[in-house]
Number of protein chains: 2
Amino acid sequence: MKETKRKILDKSLELFNRDGFTTVSIRQIASELGISHSNLIYHFNTKNDIVIALHQELLEKAITLNETTIHHPNFIESLFNSTKNGFKILYQYRFLMIELNTILKENEKLKHIFIEIESIRAKMYRIVINRAIEEGYMREQEYDNEYDFFILTIKIFSDSWISSSEIYETTSSQEIIEKYCSLFVKLFFPYLTAKGKNEFLNF
Amino acid sequence: MKETKRKILDKSLELFNRDGFTTVSIRQIASELGISHSNLIYHFNTKNDIVIALHQELLEKAITLNETTIHHPNFIESLFNSTKNGFKILYQYRFLMIELNTILKENEKLKHIFIEIESIRAKMYRIVINRAIEEGYMREQEYDNEYDFFILTIKIFSDSWISSSEIYETTSSQEIIEKYCSLFVKLFFPYLTAKGKNEFLNF
DNA sequence: ATAATTTTAGGCCAAATGTACAAAAAAAAT
DNA sequence: ATTTTTTTTGTACATTTGGCCTAAAATTAT
């Protein structure tokens, strides 16, 4: 990637995370970089193009992560690790989640991509849960579609923990990620078997 | 309340919900009402003042609701009903939740109010859960602070189901509210006792 | 070395927004 | 009836923003 393009993406991410996507203008980004706004527009026509590029980056990082952690033998350990890594990456691009609705509203293209990915994620969770049941870590459903609802809950949590932390938390990024990470994995606890709960609490 | 003031609040709510808080300007609200923007400013100096007034309205409705439903004898029934009513009211003011971070970022006053209320809500949930345990509807904690974490989860869900629905759902308001309401109460299911689960599934 | 292409800068325009002020119109008080 | 107060309007200004066009500078290709 061209150096200027790279610099634009880095600075945009920094400013979006710091001041919010909506309030930061293309001109501000250019100004903070010490380049002309025309130059910035030459590389990215609109703010939306920048977001799409940043989102693409996030995606690639997430995919890389997935490939390295998916074939982990132990369910509990794998749950803890992949959550932590996933949360870390997401937090680097937190402006995306904080103003998700606004961003998707004016960016139909990104919205499609986003929904598509969420659907894939849901299927992946379904597979993971099924395997956890087979291996005796999670219990069977106690009513129809119980785990479909659970996956929906997970989805909502994943999409919104960053927004929530932005409002209520005042500690460091590190601590925030750990707190919500821990909260996320605890969502699974009540669905674990005795064996699963045991391993969980030992962690 | 003065008639004009009332009309401004109603129209603002309508436009904020429809087009998003950030994109709607004071001038647009005035224009849609057929009054001069100077007149609008006479009543509400800034958009933030309008939000605060709307939030106040939401609050008053929520408090009224609370007073009428809090002393319900049956835990399960009370959970279902108060959730449904609460969700309905919140959905009327959905723009608040959809752009919560943006709104609170530029409105320190509202942020304090919001955090204060959330803290009260958390305490209320704690009381409700304790009573549910005493009455044999919910099980005891299986590890330290389990219910504190659960309450945090509830809080995050309550703050974000509307944002999520805005992205993924295409059905009617009615159906959306019912869906997420049902999802919310299901969060409690794994923590119920056999007695609780039984009553729950009968509902 | 020169031509072609890519990258960068500067300036200008139109639209939108918040802010401020003065004056008209309406309503209320005396 | 006429003052006073409240409500409403019109207008003008400064700022910001995105969009567009042209030219200069830098880089690359021939």
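These figures come from a predicted structure and were not determined experimentally. Note on naming: letters A, B, ... go to the chains in the order of the sequence lines (proteins, then strands), and numbering restarts at 1 for each one.
One interatomic measurement links the two molecules: CD1 of B:Ile29 to C1' of C:dA16, which rounds to 15 Å at whole-angstrom precision. Look at CD on B:Glu3: it is 15 Å from P on C:dA26, rounded to the nearest Å. In this structure, the CG atom of B:Asn39 is 12 Å from the C1' atom of C:dA25, given to the nearest Å. Summarising the geometry, the separation between CD on B:Glu32 and P on C:dA16 is reported as 14 Å, rounded to the nearest angstrom. Atom-to-atom, CZ of B:Phe44 to P of D:dT8 comes out at 12 Å; the value is rounded to the nearest Å. If you take CG of B:Asp49 and P of C:dG18, they are 13 Å apart, rounded to a whole angstrom. Straight-line distance from the NZ atom of B:Lys2 to the C1' atom of C:dA27: 11 Å, rounded to whole Å. Rounded to an integer number of Å, the gap from CD1 of B:Ile8 to P of D:dT7 is 11 Å.
Taking 4.0 angstrom as the limit, B:Tyr42 places a side-chain polar atom (N or O) nearer than this to OP1 or OP2 of D:dT7.
The existence of a salt bridge linking A:Lys7 and A:Glu14 is excluded, since no basic side-chain nitrogen approaches an acidic carboxylate oxygen closer than 4.0 Å. By the 4.0 Å N-to-carboxylate-O rule, A:Glu146 lies close enough to A:Arg139 to be salt-bridged with it. Looking at B:Asp159 and B:Lys155, no side-chain N of the basic residue comes within less than 4.0 Å of a carboxylate O on the acidic one, giving no salt bridge. Ion pairing between B:Glu118 and B:Arg121 holds under the 4.0 Å rule for side-chain N and carboxylate O. Taking 4.0 Å as the cut-off between side-chain N and carboxylate O, B:Lys186 and A:Glu142 do not count as a salt-bridged pair.
For A:Ile35, the side-chain contact (heavy atoms from CB on, under 4.5 Å) test picks out A:Thr4, A:Ile8, A:Ala30, A:Leu33, A:Asn39, A:Leu40, with sequence neighbours left out.
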Using a cut-off of 4.0 Å between protein heavy atoms and nucleotide atoms, how would you tag nucleotides 16-29 of chain D 5' to 3' with B, S and -?
-BBBB---------
